[in-house]
Amino acid sequence: MMDLVLGLDPGNEKFGWAYVNADGSLVASGIIPSMLAEGLMDFLLAGNLQELRPYTLENPGTTPGLEPPSSILVGNGTARQALYRLLDSKGKAFRVVDEAYTTIEARSLYWELHPPHGWRRLLPKGLRIPPRIVDDLAAWALVRRFLSSAAEYRRDAD
């Protein structure tokens with residue numbers, strides 16, 4: 001099985017999460033209210049999608065469970081300290097990733113997953129606003145950014 005990376009996009013009221021394959025493809029993602037983070041983090045770290053179903057927005061129900069992630073990446077934005085402390089309390093190592101402009105990337109990712117139909121496809125890409133919050137896709141963008149920079153680093157080292 002391919003290694004899974006868990007990306008977390010912290011926020012004051014909610015945080016986005018995304019399980020991503022090592023090739024950058026999305027497995028599942030969702031958004032959890034920050035006040036439930038402590039109670040749901042064990043399910044998230046274990047890959048228990050069955051328990052996370054109410055908080056899953058992309059690829060819900062594709063599989064009841066996943067392997068625990070081999071890596072955890074956390075954005076360096078708003079309310080990050082609470083997630084850092086929670087992961088530390090669980091004894092989980094994580095890497096911090098710059099999350100600048102991930103919301104913009106997340107909007108593009110939304111439209112890749114859900115191509116616009118009707119009059120929306122006539123709008124310029126920059127004017128398309130997804131019909132839902134995209135914090136989970138920002139977490140996916142974090143992971144893709146990290147994987148891309150790691151691949152570039154490997155190429156430069158060769």
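Quick caveat: nothing in here was measured; it's all calculated off a predicted structure.
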- Report yes or no: is the cationic atom of Arg121 (NZ for Lys, CZ for Arg) under 6.0 Å from the centre of the six-membered ring of Trp119, at an angle within 45° of the ring normal? no
- Query: Do side-chain atoms of Arg80 reach the backbone of Val74 as a donor and acceptor pair under 3.5 angstrom?
  - Reply: no
- Can you find a pair of side-chain heavy atoms, one from Val143 and one from Phe146, that are under 4.5 Å apart? no
- Do side-chain atoms of Tyr19 reach the backbone of Gly47 as a donor and acceptor pair under 3.5 angstrom? yes
- Go through the steps to decide whether Lys14 and Ile133 satisfy the test side chain to side chain contact (heavy atoms under 4.5 Å, CB included), and finish with yes or no. CA-CA 10 Å; Lys14 61 197 173 324; Ile133 54 176; 3.3 Å; yes
- Query: Under 4.5 Å between any side-chain heavy atoms of Ile31 and Tyr55, yes or no?
  - Reply: no
- Message: Using modelled atom types and a 3.5 Å cut-off, is there a donor and acceptor pairing between side-chain atoms of Ser29 and backbone atoms of Ala139?
- Response: no
- Item | Nearest non-hydrogen partners of Pro10 and Phe15, listed with the distance | CA-CB, 3.9 Å
- Message: Any salt bridge linking Lys90 with Glu38? Criterion: basic side-chain nitrogen under 4.0 Å from a carboxylate oxygen.
- Response: no
- Message: Between Val97 and Asn76, is the side chain to side chain contact (heavy atoms under 4.5 Å, CB included) condition met? List the steps.
- Response: CA-CA 6 Å; Val97 179; Asn76 64 348; over 6 Å; no
- Item | Passing candidate, side chain to side chain contact (heavy atoms under 4.5 Å, CB included) with Glu58, options Leu26, Val27, Val134 | Leu26
- Could you please spell out the steps behind the salt bridge (Lys or Arg N to Asp or Glu O under 4.0 Å) verdict for Arg107 and Glu112? CA-CA 9 Å; Arg107 288 177 181 171; Glu112 283 180 31; over 6 Å; no
- Kindly indicate, with the supporting measurements, whether the criterion side chain to side chain contact (heavy atoms under 4.5 Å, CB included) is fulfilled by Glu105 and Arg144. CA-CA 10 Å; Glu105 289 177 50; Arg144 288 172 40 133; 5.8 Å; no
